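Sequence positions, counted from 1, serve as the residue numbers for this chain. Predicted model, so just to flag it, every value in this text is computed and none were measured.
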Amino acid sequence: MTDLRRQLPSIDAILANPGIASLLAEHPRALVVKAARAAVDAARVNGGAPPVEGWDAAVRAAVARLGVPSLAPVINATGVVLHTNLGRAPLAPAAIAALTRVAQGYSALEYDLGRGTRGSRHAHCRDLLIELTGAADALVVNNAAGAVLLALSALARGGQAIVSRGELVEIGGSFRIPDIMARSGATLVEVGTTNRTHPNDYDRALTADSKVLLKVHRSNFQVTGFTADVAVVELAELAHDRGIACVYDLGSGLLMDLSHWGLTGEPTVPEGVAAGADVVAFSGDKLLGGPQAGILVGSEAAIAACRGDPIARTVRADKLTLAALEATLALYREPEIARKEIPVLRMLTESMDSIRNRAERLGGQLIEGDSEVGGGSFPGAKLRTWLAGFPDERLAERLRANDPPIIARVAGSRVLLDARTIFPEQIDTVIAALTADG
Ligand SMILES: *Cc1c(COP(=O)(O)O)cnc(C)c1O
């Protein structure tokens, strides 16, 4: 019995094929070698049978496959506006321009242009955040999970942080409040029950070792029925009576009231600040609609403590983030401009008629349904939308294989495309993918 696998050509033999020479002229040798290995490995898995399309074509296909960047843009037709798996918030044109400008050369990242001396990266975005939230000071770090870790380390390390059992939440990507608290060096003290926590629960738990009362926004779920919790304003008062700090993990970073568009129940950052929390922590790439970032706003003393904590250095924000965040924040000076220019806000507040226009152009069956805010924000919100439905189970896979990939919703044997999250300039691309021979 002969084993075909023993007869597989060597990588050198494949590279010597005349058909491979043109590939080597167009692509880095390392990529072509990797592709040749992949083709041989595939043949080996196949029992040693050479590729039916021939070695040259197999290597060429592998080069095409291996040469594309893995982090590629996609079209989001799921209707989940803040889709964590699809990169959360798309940026506003002003933010893209700002980060491009800064990426192209040197920047005054830690340089004081007035004095010609070393400056601080923490100066960027600070004044805008103060202006927009009403806080006394602000600090930007890499993401909100890092921001919460930093705030707890700075304000509760070596002491106790008291939190309601109803707020020991898990946010996607294994961010669990108890684990973050443990890593911060604070001792977690749980009070109340899953559904009800009262002011005197916190009161009774306070000791000489208590350093922080922590409030966590239940970003991604709702508690209904027989419930009670303590508002931040009350928690902050209680903390200040005892001379300790109140930290508020607010999550989403909503900077403007969206109740006019039917989106209610999510606290805004200015509300959190006005309630008296010493530190409010939130994300840059959720409802704020900017780049991935963690933002801390609050009192001078609390933010100074955060800035001085060693963890601040380990979770610092990079210059591209700071540039994009600054440009995004500047749009909020004119809320109507923010709503039109920041894609997340534009999609969340778009009218049904306007969404319907795009859904109709997609063809298929026009279906009324719901979009989702996503990203652990407005968990119960119903956003009415228009979908294009196609009775073709294989379509979702075909759309994913498109260039650029299109991510659709699958509901039973139907594939649904939600026009809300398909940008107007992407509609023609989606139509072309839908009408291509499948
Ligand atoms: C999303 C969220 C976080 C984590 O934010 P990242 O920016 O993803 O790190 C933390 N706390 C709450 C309440 C959240 O909603």
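- Between the side chains of S351 and D353, not a single donor N or O lies within less than 3.5 Å of an accepting N or O.
- Side-chain contact between F282 and L254: absent, with no pair of heavy atoms (C-beta onward) separated by less than 4.5 Å.
- Between L150 and L139, the shortest heavy-atom distance links the atoms CD2-CD2, 3.9 Å.
- Minimum interatomic distance between A359 and L366 (heavy atoms only, all atoms of both residues): CB-CD1, 3.6 Å.
- The two residues I177 and F175 have their closest heavy-atom pair at CD1-CE2, 3.8 Å.
- Atom-to-atom distance recorded for W55:CH2 and I20:CD1 is 10.0 Å, nearest 0.5 angstrom.
- Annotation: side chain of P90 is in contact with side chain of F423 (closest heavy-atom distance under 4.5 Å).
- Checking each of Q7, R5, R6 against D3 for a side chain to side chain donor-acceptor pair (under 3.5 Å) leaves exactly one that passes, namely R5.
- Other residues, nucleotides and ligands contribute only 12 or fewer heavy atoms inside 6.0 Å of the CZ atom of R176.
- Looking only at atom types and distance, the side chain of S10 has no donor-acceptor partner in the side chain of D12 under 3.5 Å away.
- Between the OG1 atom of T385 and the CE atom of M347 there is a distance of 11.5 Å, given to the nearest 0.5 Å.
- The closest donor-acceptor contact from the side chain of T328 to the backbone of A324 lies under 3.5 Å.
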*Taking it one step at a time, do L287 and E266 satisfy side-chain contact (heavy atoms from CB on, under 4.5 Å)?*
CA-CA 10 Å; L287 289 172; E266 192 76 26; 3.8 Å; yes

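- Classification of E131 and R333 as a salt-bridged pair holds, one side-chain N sitting under 4.0 Å from a carboxylate O.
- The distance from atom CG of N85 to atom CZ of R88, rounded to the nearest 0.5 Å, is 10.0 Å.
- Contact check for L149 versus R183: side-chain heavy atoms found under the 4.5 Å cut-off.
- Panel note: side chain N46, backbone G48; no donor-acceptor pair is recorded below 3.5 Å.
- Of the possible donor and acceptor atoms, none in the side chain of R420 sits under 3.5 Å from a partner among the backbone N and O of I355.
- The shortest distance between side-chain heavy atoms of E167 and H217 does not fall below 4.5 Å.
- When atom types are taken as modelled, the side chain of D318 and the backbone of T321 share a donor-acceptor pair closer than 3.5 angstrom.
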*Are V230 and D201 close enough, and set up right, to give a side-chain contact (heavy atoms from CB on, under 4.5 Å), and what steps lead you there?*
CA-CA 10 Å; V230 180; D201 290 322; over 6 Å; no

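- Side-chain contact check for H122 versus R307: some heavy-atom pair is nearer than 4.5 Å.
- The backbone N or O of G19 sits nowhere less than 3.5 Å from a side-chain atom of N17 that would complete a donor-acceptor pair.
- Taking both residues in full, the closest heavy atoms of A144 and S283 are given as CB-OG, 3.2 Å, listed atom of the first, atom of the second, then distance.
- The backbone N or O of I337 lies less than 3.5 Å from no partner atom in the side chain of Y332, so there is not a single donor-acceptor pair.
- Salt bridge R346/E350: absent, no basic N to carboxylate O contact under 4.0 Å.
- In this structure a side-chain-to-backbone donor-acceptor pair under 3.5 Å is missing from E341 to P93.
- The distance from atom CZ of R126 to atom CD1 of I303, rounded to the nearest 0.5 Å, is 9.5 Å.
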_Under the criterion side-chain contact (heavy atoms from CB on, under 4.5 Å), I'd like the reasoning laid out for V373 against L348: C-alpha separation, chi angles, the key distance, then a yes or no._
CA-CA 7 Å; V373 181; L348 288 176; 4.0 Å; yes

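- Here the side chains of L129 and V140 are in contact, with some heavy-atom distance below 4.5 Å.
- With no hydrogens or angles considered, no side-chain donor-acceptor pair links T194 and R165 at under 3.5 Å.
- Formation of a donor-acceptor pair under 3.5 Å by the N402 side chain with backbone atoms of A433 is not found in this model.
- For the 3.5 Å distance criterion, the side chains of S164 and T197 qualify, holding a donor opposite an acceptor.
- Residues A147 and A281 come closest through the heavy atom pair CB-CB, 4.4 Å.
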*Full working for side-chain contact (heavy atoms from CB on, under 4.5 Å) between V247 and V280*: CA-CA 6 Å; V247 172; V280 181; over 6 Å; no

*Might you work through the side-chain hydrogen bond (donor to acceptor under 3.5 Å, both in side chains) test for S153 and S184, ending with a clear yes or no?*
CA-CA 5 Å; S153 169; S184 75; over 6 Å; no

*asked:* With side-chain hydrogen bond (donor to acceptor under 3.5 Å, both in side chains) as the criterion, how do T227 and N195 come out once you've worked through the C-alpha distance, each side chain's angles and the decisive distance to 0.1 Å?
replied: CA-CA 5 Å; T227 65; N195 57 329; over 6 Å; no

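- Side-chain contact annotation: H83 with E372, donor-acceptor N/O pair under 3.5 Å absent.
- In this structure, the side chains of I162 and V212 stay at 4.5 Å or more apart for every pair of heavy atoms.
- Under 4.0 Å is where a charged nitrogen must lie from a carboxylate oxygen, and between K215 and D249 no such pair does.
- A donor-acceptor pair is defined here as one N or O able to donate and one able to accept, closer than 3.5 Å; no such pair exists between the side chain of R358 and the backbone of I427.
- Note that CD1 of I75 and OG1 of T78 are 12.5 Å apart. Values are rounded to the nearest 0.5 Å.
- For E397 (side chain) and R394 (main-chain N/O), no donor-acceptor pair under 3.5 Å exists by modelled atom type.
- Counting only N and O atoms by type, the side chains of N357 and S354 include no donor and acceptor under 3.5 Å apart.
- Residues R29 and L24 meet the side-chain proximity criterion, which asks for heavy atoms closer than 4.5 Å.
- Using a 4.0 Å cut-off between charged nitrogen and carboxylate oxygen, R414 and D392 do not count as a salt-bridge pair.
- None of I407, I406, L395 except one satisfies the side-chain contact (heavy atoms from CB on, under 4.5 Å) rule with R400; the exception is I407.
- Between L214 and V163, the shortest heavy-atom contact is O-CG2, 3.7 Å.
- Atoms CG and CG, from L263 and L345 in turn, are 10.0 Å apart once rounded to the nearest 0.5 Å.
- A salt bridge links D229 with R218: at least one charged nitrogen is closer than 4.0 Å to a carboxylate oxygen.
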